[in-house]
Every structure is written in C-alpha cells, then in structure tokens.
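One structure below.
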Amino acid sequence: MLQVAQVLKDKETILHGLKKRNFKEPEKAIDILLELDEKRKSLQQKHDNALAETNQLSKQIGQLMAQGKKEEAEAIKVKTAEYKNEGKILGEELKAVEDELRELLYTIPNVPNTKVPAGNTDQDNVVESTHGEIPRLHAGAKPHWELIEQYDIIDFELGNKITGAGFPVYKGKGAKLQRALINFFLDEAEKAGYGEVQPPIMINQASGYGTGQLPDKEGQMYHATEDDYYLIPTAEVPITNIYRDVILQLDELPKKHVGYTPCFRREAGSWGAHVRGLNRLHQFDKVEIVQIQHPDKSYAALDEMSTYIQSLLKKLELPYRVLLLCGGDLGFTSAITYDMEVFSAAQQKWLEVSSVSNFETFQANRLKLRFKDENKKTQLLHTLNGSALALPRIVAAILENNQTPEGIKVPKVLVPYCRFEWIN
RNA sequence: GGAGAGGUGGCCGAGUGGUCGAAGGCGCUCGCUUGGAAAGCGAGUGUGCCCCACAAGGGUACCGGGGGUUCGAAUCCCUUCCUCUCCGCCA
C-alpha cells in the first residue's frame, strides 16, 4: 500500500511509475487520493476539537461533583450535549472518508523501480542473462507427462479420484525425488544464512491483507469459509506475516527465513492446453526465502537472493535464464521482480521456477512492519522474497533434460538425498 | 464440544465509573560514581493520527477486537477472538 506522505512528496515519480505498469488513469486516482486526504485531515481536526471540548467539560463535571456542587454539574451536562452530537457526526464523516481512502489505496499497485522496463505483457520482459547448455536429447525423447507414466512416479488420474484436477499423487521415486529436492533446498538455504521456519499453511484475513493477497487476489485462494481461513498460495504470506505489527531494532536486521510449504492456487480461468502435466497445479510444493531488510540495503539483498537462487539451478545442472519483468507483467505488490526460467528440453520451452521480488515498503506499510533508525525514528522496512525453488517445474525439467534411453539420471547433488542414481 | 477463569505498556503486575497512557517492580537508555565493572543514586523510556518545521509544545485515539450505556469507562453491558484449568474427543 502506498503511503500518502510518499505521494505528496513524489507525485510525479509515482505517476510515472504507475503509467509504466499500465495502471489506468493514475492522475485521476492520485488526485482523488490527495483530495480525500485533505478532507480527512480537516475532519480529524474538527473532530479532535469537539472531543477536546467534551473531555474538558467532563473533567469540570467530575470536579464539581467531588465538591458536591450538583446543580452546576447538571448545568454543564446540558452543554456537553451539543459538542457530543457534533463529535458524533464528525466522527462518522471521518470514518467514511478514511474508509474511502483505504479502499482507494487498496486498488493502487506498487510503484515500479526505475530499472523496470516499460511493457504490457510477458513478451516485453527483458532477458538479463542465460546460463548453462541446452541438452540435446536422444531420438524419441518425451515430455514429462509421458515420462511420469512410463516410470510410474506421478499419477494425475489418482489425484483426480482423490481430489480433482491439479492435485497429483507422487509415488515411489517420484515422491522421493520431491522430498530430496525439498531437503536439498532447505539445507542450502540454511547454509546461506536463512533461518528455517515451518509456518501454518492456512492464514487469516489480516495476514492476507498484510502481504497484499487480499483484497486483490481473493479469487485465487481457496477459502475455508466456516472459519474464514485461506489456504496459502505461497509461504511468503505466513512467513512475512511473522513480522506484522512489529518494530525491529537496527541490530536485529536483516531477518532472513526459509520455509517449505505446500502452496494452493485456484488458478481460476487460467487453464488451457498449454499447461499440461506439472506445468500448472492447484497444489504444489515450494521452498521460499524471505528477507526483512533496511531500506538502504534491500537492493543489495535482492541481488544476493537472485545469486543464491541461481546457485541452486547451477548445482542442479539445469539451463536457465533470468528475466527482468516489465511494468505490465509485474505483480500488484512488487516494485521489481526477476523471474528465473528453466529450459525444458522436451517441451522446448522456458518454465518459470522462481520469482524474486523487492516490495520495498508496499507490504511493510500494510503490515506495520517498522524499525527504529539511528535517530530513534520509526520507519518502514523493506520486504523481499523469492522461490528457492518451486518444485513441479524443476521436477519436470529434471525428468525431461536428464532422460536417456536407459532412464532418467538424477542430478549429482541430489543423489545423497535420493539414495538412487536412476529413475528407470 | 461442555463447564469455569482470564486477556492491562518490552516483561511481571496494580487498578472495578472521574483529573489513568495508566501505581509498583523488572528490563532498557543516558548521566553521576569507578582504574574498569557491579552495586548505588538521578533522569528518561509505547504507538497511530492531527496542529506544527517529520523540532519544542499541544490535541486526539488506543488497557485483545467490535459495538453499547454514561457528562465521563481499563473499570458497567453486549458480542467476537484468543489463552489457561477441568471434562469429553482425538493424530
């Protein structure tokens, strides 16, 4: 959520940024925002004054009562009525304006960083770098959805029976490969200084608002209405919300966490022929890294996270590229996002396996996540997160890229975790 | 799920209608003291918003959340969430 103070200070920058991400008529929204804020201030002033009057009179009544001057007290009581009424009306008006202001703020996305290129769709994302060699597969190489059937390691039909589409069952070496990857990712993150957490995978509304899934992405989350809980779409939500309503000291920074969780996404309306097999699921596993950073250090942290994520892909010997997302493809809450895509040899396409973002103060403002600076002043922190990594597409790429006529060769780094070298 | 108790500042813990943002203690910060430290002594120590120069100062709100009674509520009432104890159930 944008800060009104920031809008007042940097209106032009903000307008420019919002245009870059194709936010419609930003001038209109910002003008209304500033107007509402003016209204809010003036109403609050009047409201506070009315309350100050009644408080003053109430004190007098108290003193008079203590002195036994009942009649005088009664006389003042009558006087309070008009202030009270005025205060009540002003209070209602103030609340209405505050609500309107908040609703408006919920509709305005984060302002992209200056590095973010203009553009409308994923076609306009910029390839920053490409790494590794694209493997040449043997004749008769198959896409992963055929391989998983051949080796009987992931079963979509069974998932259909138990739950529905997009909830596969991992079996045998498929399950073990998955578990190996999770452990590998957690161990690597630990070595890189991320403290492991295992958060709840259901969250309440306050948490959903805190990181920005609500109200923007309400329809994308599974909602347990009986208890008003949501299944998490990513571990970012519970992990970042650890720090909701927290004021950190300078020497406590940065906070770095890693967590493995299943993730749930309804993916309403985004199904189609191009998302076969493991490419898109309703439930999938992901290891997520999160950082809470000092504003001056968040961009260095973003680089560090990107480098770290790439180190995983290198160790897994997967060819990948790094994309800088354009304004139009940027998530609602993000100021800048890099996507890591792995090349899936049998499908001949790039699959997104990680997304690393700096949210600057956008989430922190909603979370009320702050720190005390050198001058003991409270300031908003920066939040960042990245997938390290999302499992299904990594599995798909490993299966496809490492296939041979004899079976699928497990990447070296995973062998100690899997305790087998081949899926055959 | 049933019965009861309770939710107060970083922590512990007073406060059951009036000047309470809230006693006291602990912790923390600064100063004095010391060769240094401890102890001791003194001062300070929440957050949001508004006025204002993001200063000083002032106003207002906040004692789990929401609503109500009252001139006035941490204190009374309603509601909701959470915690604890006992019972039930159970991985």
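Below, chain A is the first sequence line, B the second, and so on; all start at residue 1. Hydrogens, waters and symmetry mates play no part in the numbers below; they use all other heavy atoms, side chains included.
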Can you list, in residue-number order, the parts of residues 197-209 of chain A that come under 4.0 Å of RNA chain B, counting heavy atoms only? none
Going by the rule side-chain hydrogen bond (donor to acceptor under 3.5 Å, both in side chains), which residues pair with A/His382 if we only count those two or more places apart in sequence or in a different chain? A/Ser298
Along nucleotides 43-58 of chain B, 5' to 3', which nucleotides get a B, which get an S, and which get a -, given that the test is a protein heavy-atom distance under 4.0 Å? ----SSBSS--B----
Can you list the residues that meet the side-chain hydrogen bond (donor to acceptor under 3.5 Å, both in side chains) rule with A/Lys314, with sequence neighbours excluded? none
Set of residues satisfying ring-ring contact (aromatic ring centres under 6.0 Å, His included) with respect to A/His294, sequence neighbours excluded: A/Phe371
So, using side-chain hydrogen bond (donor to acceptor under 3.5 Å, both in side chains) as the criterion, who are the partners of A/Thr121 when residues are at least two apart? none
Acceptor/donor pairs from residues 8-15 of chain A side chains to any protein atom, 3.5 angstrom cut, sequence neighbours excluded:
{"residue": "A/Lys11", "atom": "NZ", "partner": "A/Asp31", "partner atom": "OD1", "Å": "3.4"}

Sorted by number, residues from residues 79-86 of chain A placing a heavy atom under 4.0 Å from RNA chain B are A/Thr80, A/Lys84
For A/His223, ring-ring contact (aromatic ring centres under 6.0 Å, His included) partners two or more places apart: A/Tyr230
With ring pair (Phe, Tyr, Trp, His ring centres under 6.0 Å) as the rule and sequence neighbours excluded, what pairs involving residues 231-261 of chain A come up? A/Tyr243-A/His257
Just distance, no hydrogens or angles: give the donor-acceptor pairs under 3.5 Å from side chains in residues 63-92 of chain A, sequence neighbours left out.
{"residue": "A/Gln67", "atom": "OE1", "partner": "A/Lys69", "partner atom": "NZ", "Å": "3.1"}
{"residue": "A/Thr80", "atom": "OG1", "partner": "A/Lys77", "partner atom": "O", "Å": "2.5"}

Close N/O contacts between protein and nucleotides 74-83 of chain B (under 3.5 Å):
none

